[in-house]
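None of these values were measured; they are calculated from a predicted model. Worth knowing before you read on, the calculation uses all heavy atoms, side chains too, and leaves out hydrogens, waters and symmetry mates.
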Amino acid sequence: MNKQFLSLLVASALMVCSCQNNPQQKETASAPQDTVVAEPQPCVADTVLTAAAQYYSGIVDATMAYKRMAKVDSILVRDMSDMQKETTYLFYPFGGPDFIFPHHIAPDADVYFLMGLEPIGNAPADKDASKKSIYAQALSTYFNSSFYVTTSMQADLSKEKVGGTLPIITMLMAKEDCQIISVKKMNFDEQGNMVDATDKDAHIAEIKFFSAKTPTHEQTVYYYRGNTKDNAIEPGLTAYLSKTLPKYKVSTFLKAASYLIHDGNFSKICSAALDHSWAILGDDSGIPYRFFDQKVWDITLYGSYCRPLKCFSDYTFQRDLDAVYKEKKSEIKPLDVRIGYNHQSNWMCARKK
């Protein structure tokens, strides 16, 4: 076993604390006014898993990726600090294993809900040393472009290679200085409740964690694996979204979403985002501009709008959005970082009035 990895395991094991009912803090008795009560400390239940994720994520140089994220962060802090502070649920349709962008957009969210077609798989373990180069390739693909090309992702995350999204998600969480508490496999019942599932049957991965940004706030990432097209979406997912999203202050994020919503076959996912979000941030491949009622939404545009790549159908070109970018050129805010498919990227931030 790699010495660096072994030292991580040993150091991590010393960090394990024994919390029972509440993983965030123990109940403390009232103390005299002159007594200093210690700040609540997180209980990290699975330090071995965290160490494994740190080890495998550390084999890839993410310098360029985080230079890109630094530019994204400057825009978020300048123009979208309300989203960062107020969002309690980050909804990310078609996000796949991308954890870094939503974590920067809403660092204090209670829940991150990622969705994709790729299998769940298992988080990396100390026995996976032989997969080091395969993990490196998969992470490099993401870091180099800031998004996953579908065909590359399907190849990288196949059973024969990485084996699913959990290795990528947990390694990206390690890059973000997150401490993983637990990983659980689940499914929806028809009423939209999450229930335990076997590895073979699971459609949902639940990852509970603490972040260095919010060290005493337990947060949860869900990755849902399934077809969300209108004619294939499972009733349990629609039931879950309809009853869960209204309980939170939801922001929706879409990036490199393959223009799936544009053809009208993903209306249920689109409606969930439009109906239940107070803010939606995305590029032109997400929700089309024409779907936003100007009486309901305030919209701020960034960057420059270019015709979609030739590999996408003609209907993905938004003439109305193109016209707005041309007519209101002086009002468009700069975006000096690649976000989506085109090197000249665009962003639309919509907030409900």
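Transitive grouping of hydrophobic side chains (ILVMFWY, heavy atoms separated by less than 4.5 Å) brings Leu241 and Ile287 into a common cluster. Ile75 and Ile100 fall within the same hydrophobic cluster, defined by Ile, Leu, Val, Met, Phe, Trp and Tyr side-chain heavy atoms under 4.5 Å apart, directly or through other members. No single ILVMFWY cluster, assembled from side-chain heavy atoms under 4.5 Å apart, contains both Phe91 and Ile207. Transitive grouping of hydrophobic side chains (ILVMFWY, heavy atoms separated by less than 4.5 Å) brings Phe291 and Val250 into a common cluster. Under the 4.5 Å side-chain heavy-atom criterion for Ile, Leu, Val, Met, Phe, Trp and Tyr, Ile105 and Tyr89 are members of distinct hydrophobic clusters.
Using a 30° and 60° split on the angle between ring planes, Phe253 and Tyr92 fall in the tilted class, from 30° to 60°.
Formation of a donor-acceptor pair under 3.5 Å by the Thr87 side chain with backbone atoms of Leu90 is not found in this model. At least one donor-acceptor pair closer than 3.5 Å links the side chain of Ser211 to the backbone N or O of Lys213. The backbone N or O of Thr47 sits nowhere less than 3.5 Å from a side-chain atom of Gln179 that would complete a donor-acceptor pair. Side chain of Ser345 to backbone of Asn342: a donor-acceptor contact under 3.5 angstrom is found. Thr238 contributes a side-chain N or O that, together with a main-chain N or O of Pro235, makes up a donor-acceptor pair within less than 3.5 Å. Side-chain atoms of Asp128 do not come within 3.5 Å of backbone N or O of Lys131 as any donor-acceptor pair. Side chain of Ser271 to main chain of Lys268: no donor-acceptor pair is present (N/O by atom type, distance under 3.5 Å, no hydrogens or angles). Lys352 places a side-chain N or O within donor-acceptor distance of the main-chain N or O of Leu274, the cut-off being under 3.5 Å.
Checked against the 6.0 Å centroid threshold, Tyr240 and Tyr224 do not count as a close aromatic pair. Annotation: Phe312 is in aromatic contact with Tyr341 [ring centroid separation under 6.0 Å]. Centroid-to-centroid, the aromatic rings of Tyr112 and Phe99 come within less than 6.0 Å.
In this structure, OG1 in Thr244 is found 7.0 Å from CE in Met194, a value given to the nearest 0.5 Å. Distance check, rounded to the nearest 0.5 Å: OG of Ser251 to CD of Glu86 gives 8.5 Å. For the atom pair OG1 (Thr252) and CG (Leu245), the distance works out to 7.5 Å, reported to the nearest 0.5 Å. Within the model, atoms CG of Asp73 and OH of Tyr66 stand 9.5 Å from one another, a figure rounded to the nearest 0.5 Å. Taking OH of Tyr222 as the start and CD1 of Ile204 as the end, the distance is 8.0 Å to the nearest 0.5 Å. Atom CD of residue Glu176 and atom OG of residue Ser57 lie 10.5 Å apart, to the nearest 0.5 angstrom.
The two residues Tyr135 and Pro167 make their nearest non-hydrogen contact at CE2-CB, 3.8 Å. Contact record, Arg338 with His343: NH1-CE1, 2.9 Å, taken as the closest heavy-atom pair. The two atoms that bring Ser81 and Val77 nearest to each other are CB-O, 3.7 Å, heavy atoms only. Listed here is the closest heavy atom pair of Met115 and Pro93: SD-CA, 3.9 Å. Closest heavy-atom contact between Leu117 and Tyr223: N-OH, 3.8 Å. Nearest heavy-atom pair, Ile261 versus Gly286, reported as atom, atom and distance to 0.1 Å: CB-O, 3.9 Å.
Residues His203 and Glu234 have side chains that bring a donor and an acceptor to within less than 3.5 angstrom of each other. With no hydrogens or angles considered, no side-chain donor-acceptor pair links Asp283 and Asn346 at under 3.5 Å. A donor-acceptor contact closer than 3.5 angstrom is absent between the side chains of Glu206 and Thr220. In the model, Asn122 has a side-chain atom that pairs as donor or acceptor with a side-chain atom of Lys185 under 3.5 Å.
Under the 6.0 Å distance and 45° angle rule, Lys249 counts as a cation-pi partner of Trp278. Both tests pass for Lys255 against the ring of Phe101: distance under 6.0 Å to the centre and angle within 45° of the axis.
Contact of the Leu139 side chain with the Leu172 side chain is registered, since non-hydrogen atoms from C-beta on lie closer than 4.5 Å. Between Pro215 and Phe210, the closest side-chain pair of non-hydrogen atoms is not below 4.5 Å. By the 4.5 Å heavy-atom criterion applied to side chains, Tyr55 and Lys132 are counted as neighbours. A 4.5 Å side-chain heavy-atom check between Met186 and Lys184 finds at least one atom pair inside the cut-off.
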- [ ] I would like to know whether Leu237 and Thr228 meet side-chain contact (heavy atoms from CB on, under 4.5 Å); could you show each step before the answer?
- [x] CA-CA 9 Å; Leu237 173 61; Thr228 54; 3.8 Å; yes
Open item on the list: Quick one, Lys175 with Phe143, criterion side-chain contact (heavy atoms from CB on, under 4.5 Å). Give me CA distance, side-chain angles, the key distance, then yes/no.
Closed with: CA-CA 11 Å; Lys175 284 288 188 189; Phe143 287 140; 4.2 Å; yes
Task: Worked check of side-chain contact (heavy atoms from CB on, under 4.5 Å) between Phe292 and Ile280 - done: CA-CA 10 Å; Phe292 290 89; Ile280 296 178; 3.9 Å; yes
Task: Worked verdict on Asp284 versus Thr316 for side-chain contact (heavy atoms from CB on, under 4.5 Å) - done: CA-CA 9 Å; Asp284 65 295; Thr316 60; over 6 Å; no
TODO: Given salt bridge (charged side-chain N to carboxylate O under 4.0 Å, His left out), test Glu118 with Arg225 step by step and report yes or no.
DONE: CA-CA 6 Å; Glu118 292 68 39; Arg225 185 265 178 108; over 6 Å; no
TODO: For the pair Asp82 and Arg351, evaluate salt bridge (charged side-chain N to carboxylate O under 4.0 Å, His left out) and give the outcome as yes or no after the intermediate values.
DONE: CA-CA 10 Å; Asp82 54 340; Arg351 296 177 178 85; 2.8 Å; yes
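No more than 12 heavy-atom neighbours from other residues, nucleotides or ligands sit within 6.0 angstrom of CZ on Arg319. The neighbour count for Glu190 CD, taken as heavy atoms of other residues, nucleotides or ligands under 6.0 Å away, does not exceed 12. For Asp201, the CG atom counts as densely surrounded, since its 6.0 Å shell holds more than 12 non-hydrogen atoms of other residues, nucleotides or ligands. Atom CD of Gln344 is surrounded by 12 or fewer heavy atoms from other residues, nucleotides or ligands within 6.0 Å. Residue Lys328 places its NZ atom among 12 or fewer non-hydrogen atoms of other residues, nucleotides or ligands, all under 6.0 Å distant.
Among Thr214, Asp110, Asp108, the one residue that satisfies the side chain to side chain donor-acceptor pair (under 3.5 Å) test with Gln219 is Thr214.
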Which pairs would a plain distance check flag for residues 296-311, meaning a side-chain donor or acceptor within less than 3.5 Å of a matching protein atom at least two apart in sequence or in another chain?
{"residue": "Tyr302", "atom": "OH", "partner": "Asp79", "partner atom": "OD2", "Å": "2.9"}
{"residue": "Tyr305", "atom": "OH", "partner": "Gln318", "partner atom": "N", "Å": "2.7"}

